[in-house]
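Remarks on the structure that follows.
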Amino acid sequence: KFTQTSFDLQISESTKPGARFILGSAHDADIGTNSLQNYQLNPNDHFSLVNKEKQDGGKYPELVLKTPLDREEQKSYQLTLTALDCGDPPLSSTAQIQVLVTDANDNPPVFSQELYRVSVLENVLPGTPVLRVMATDQDEGVNAQITFSFTEAGQITQFDLNSITGEITILSRLDFEEVKEYSIVLEARDGGGMIAQCTVEIEVQDINDNIPEVVFQSLRDIIMEDTNLGTHVALLKIRDKDSGHNGEVICKLEGDVPFKIVSSSINTYKLVTDGILDREQTPEYNVTITATDRGKPPLSSSSSITLHIGDVNDNPPVFEQPSYVVHVAENNPPGASIAQVSASDPDLGT
Ligand SMILES: [Ca+2]
Ligand SMILES: [Ca+2]
Ligand SMILES: [Ca+2]
Ligand SMILES: [Ca+2]
């Protein structure tokens with residue numbers, strides 16, 4: 001008879017094969033061959049039994065681990081221990097051995113993906129969630145408790161990571177014109193110190209947040225009024241820091257002026273004369289160029305210059321009257337004024 005009918009054993013899954021565990025012995029009231037001879041264990045893959053003898057001849061069983069345990073595969077075993085005597089017929093009694101496999105931290109956390117990719121608009125507000133990484137750990141308890149962190153936390157200023165949930169949020173404003181993509185290495189660490197890493201790639205998407213600019217270059221201060229048609233007056237440079245359609249700019253000359261713009265290379269236009277200039281009629285022109293990008297919605301800006309028309313002597317002097325009739329009395333003293341004529345000239349200067 002066993003002194004107890006069941007045994008509870010706790011064996012760590014990290015226990016090496018060959019390890020022995022002492023079990024309680026049974027008592028047999030008989031003596032000789034009828035007394036207790038042997039212990040047996042039901043056949044199983046992981047455990048075997050050795051019969052040990054005490055100094056006083058009493059026998060006791062030792063449970064031996066044959067092959068490694070894995071709590072993640074099977075966390076308990078029910079074994080049956082049988083004690084036999086050598087009587088005829090042999091008598092036996094049984095006891096249950098309940099083996100509970102305790103956890104060892106033998107599994108690192110595992111991310112649901114090695115690489116996470118996400119894209120966000122450059123104008124997302126701080127606090128906006130971007131992505132959530134996930135990791136699992138097959139162990140239990142503290143050995144499966146995961147905390148997340150950035151591997152190079154000191155260098156990451158744009159994003160925040162919740163160490164418990166794995167959620168990444170925007171910490172400060174992004175700018176596509178400055179950084180188009182972030183590649184961040186993340187770490188998951190379990191309570192036993194095992195680590196896994198994953199990479200998060202955050203692609204920043206352009207939005208139309210830059211107004212196109214018009215800059216006048218190589219401007220002539222004065223354009224002579226006899227300048228030939230098609231003469232180059234100024235150079236225009238267009239700038240828009242956005243990309244794609246958001247940075248594609250259409251230029252337009254406003255109003256009815258004797259000039260036109262001609263595209264000369266990408267984002268460069270020439271302002272050329274395109275009509276008759278007449279200083280005497282229009283001494284200066286205000287030329288306004290509007291640049292509009294192709295974003296949705298489009299952004300635009302205007303820039304103006306004043307062009308001064310230079311004088312050319314293209315007008316003869318003109319008398320006020322085509323002919324003058326003067327009546328002069330006789331016997332005038334020499335030198336007396338007899339009449340006044342006047343002429344004017346619309347040109348400038350002398
Ligand atoms: Ca673990
Ligand atoms: Ca484990
Ligand atoms: Ca733009
Ligand atoms: Ca932009």
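Start at 1 and go down the list; that is how both ligands and their atoms are numbered.
Protein N/O/S atoms closer than 3.0 Å to the Ca ion (ligand 1): Asn105 OD1, Asn107 O, Asp137 OD1, Asp137 OD2, Asp139 OD2, Asn143 O, Asp190 OD2. The set of protein atoms (N, O or S) found at less than 3.0 Å from the Ca ion (ligand 3) reads Asn208 OD1, Asn210 O, Asp240 OD1, Asp240 OD2, Asp242 OD2, Asn246 O, Asp293 OD2, by chain and number.
Each side-chain hydrogen bond (donor to acceptor under 3.5 Å, both in side chains) pair with one or both residues in residues 147-158, not counting sequence neighbours, appears once here: Gln158-Ser172.
The main-chain N or O of Asn208 is never found under 3.5 Å from a side-chain atom of Asp242 such that the two would form a donor-acceptor pair. Panel note: side chain Asn162, backbone Thr165; a donor-acceptor pair is recorded below 3.5 Å. Using a distance-only test at 3.5 Å, with no hydrogens or angles considered, no donor-acceptor pair links the side chain of Asn38 to the main chain of Leu84. Under the 3.5 Å distance criterion, the side-chain polar atoms of Asn107 are left unmatched by any main-chain donor or acceptor of Gln138. Between the side chain of Thr273 and the main chain of Pro258, no donor-acceptor pair closer than 3.5 Å is present. In this structure, Asn51 contributes its side chain and Tyr39 its backbone to a donor-acceptor pair below 3.5 Å.
Between Phe148 and Phe111, the ring planes lie tilted relative to each other; the angle falls in the 30° to 60° range.
Nearest N, O or S atom of Glu122 to the Ca ion (ligand 4): atom OE2. When you scan the N, O or S atoms of Glu177 for the one nearest the Ca ion (ligand 4), you land on OE2. For Asp206, the N, O or S atom closest to the Ca ion (ligand 4) goes by the atom name OD1.
Cluster annotation: Val118 is connected to Val124 through the hydrophobic network of ILVMFWY side chains, with a link wherever side-chain heavy atoms come within less than 4.5 Å.
With sequence neighbours excluded, the residues forming a salt bridge (Lys or Arg N to Asp or Glu O under 4.0 Å) with Glu181 are Arg117, listed by chain and number.
In the displayed structure, Lys66 atom NZ is contacted under 6.0 Å by more than 12 heavy atoms of other residues, nucleotides or ligands.
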